[in-house]
Chemist: 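My questions all concern the structure below.
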Amino acid sequence: MDPTTSTADIGRAINQAAAEATDVLPIYSAGHGLMDDRGRLYLATSATRDQSPRYSAMGVDLLREDLGGSAAAARVLILDCCFSGRAIEVMAGEESPVDGQLADGDEHLRLVAR
C-alpha cells in the first residue's frame, strides 16, 4: 500500500475484501505491532502514534470481526510483527473465526508466535 494510505482506508479495503471473498481470504501484515495499556494488539501504519494506537493503528480485534464475518471458505491471517502471539488470544475468543474449521482429515491449523 501507498505509505500515505490512512488506517481507515486500509480497514475499508480489508472489510471489502472480506465481504467479497468466497474461496480464500488471505490477510498478511508485516510491520510493527504494538499494544495499548490493556494489552490489545494493534498493527502500525504510517499514521500510527505510539501513545494512541487505539485511534491511529489497525486493531487486531477489528481484523477478527472482518474474518469472522466473511463467507470465505478459508480465512488466513499472517502477522509478522512484534507481539504477534497476542493475536492467538484474540482469534481464539468465544466466537472465534477458527471455531468449527478443524476436523479429522487433511485440515490443519498452525499457530506460530515469536
Chemist: Which pair of heavy atoms, one from Leu41 and one from Cys82, lies closest together, and at what distance?
Modeler: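 It is CD1-O, 3.9 Å.
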Chemist: Testing the basics here: between Ala18 and Ser70, what is the closest heavy-atom pair and its distance to 0.1 Å?
Modeler: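 Looking at all heavy atoms of both residues, the shortest contact is O-OG, 2.8 Å.
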Chemist: What residues, two or more places apart in sequence or in another chain, satisfy side-chain contact (heavy atoms from CB on, under 4.5 Å) together with Ser46?
Modeler: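 Once residues adjacent in sequence are excluded, Ser46 has no partner under the side-chain contact (heavy atoms from CB on, under 4.5 Å) criterion.
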Chemist: Starting from Leu62 and following side-chain heavy-atom contacts under 4.5 Å between hydrophobic residues (I, L, V, M, F, W, Y), which residues can be reached?
Modeler: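 Members alongside Leu62: none; it stands by itself.
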Chemist: If two hydrophobic side chains count as joined below 4.5 Å and joins carry through other members, does Met35 share a cluster with Val60?
Modeler: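 Yes, same cluster.
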Chemist: Not counting sequence neighbours, which residues clear salt bridge (charged side-chain N to carboxylate O under 4.0 Å, His left out) with Arg54? List them please.
Modeler: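 So Arg54 forms no salt bridge (charged side-chain N to carboxylate O under 4.0 Å, His left out) with any residue.
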Chemist: Who pairs with Thr7 by side-chain contact (heavy atoms from CB on, under 4.5 Å), at least two apart in sequence or on another chain?
Modeler: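 Counting only residues at least two positions away or on another chain, Thr7 forms a side-chain contact (heavy atoms from CB on, under 4.5 Å) with Thr45, Ala47, Met58.
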Chemist: For Ala8, give me all partners under side-chain contact (heavy atoms from CB on, under 4.5 Å), at least two apart in sequence or on another chain.
Modeler: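 side-chain contact (heavy atoms from CB on, under 4.5 Å) list for Ala8, sorted by chain: Ser6, Arg12.
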Chemist: Could you report the tightest heavy-atom contact between Ser52 and Ser56, atom names first, then the distance?
Modeler: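 Closest approach of Ser52 to Ser56: O-OG, 2.9 Å.
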Chemist: Start with the C-alpha gap between Ile27 and Asp66, add the side-chain angles, then the distance that decides, and say whether side chain to side chain contact (heavy atoms under 4.5 Å, CB included) holds.
Modeler: CA-CA 10 Å; Ile27 298 177; Asp66 285 342; 5.7 Å; no
Chemist: What is the minimum heavy-atom distance between Leu25 and Ala21, and which atoms define it?
Modeler: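 Nearest pair, atom of Leu25 first, then Ala21: CB-CB, 4.0 Å.
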Chemist: When hydrophobic residues are tied together by side-chain contacts of less than 4.5 Å, even through go-betweens, does Ile10 share a cluster with Leu43?
Modeler: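 Yes.
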Chemist: Which side chain to side chain donor-acceptor pair (under 3.5 Å) pairs, counting each pair once, include a residue from residues 23-40, with sequence neighbours left out?
Modeler: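 Those involving residues 23-40 are Asp36-Arg40, Asp36-Tyr42.
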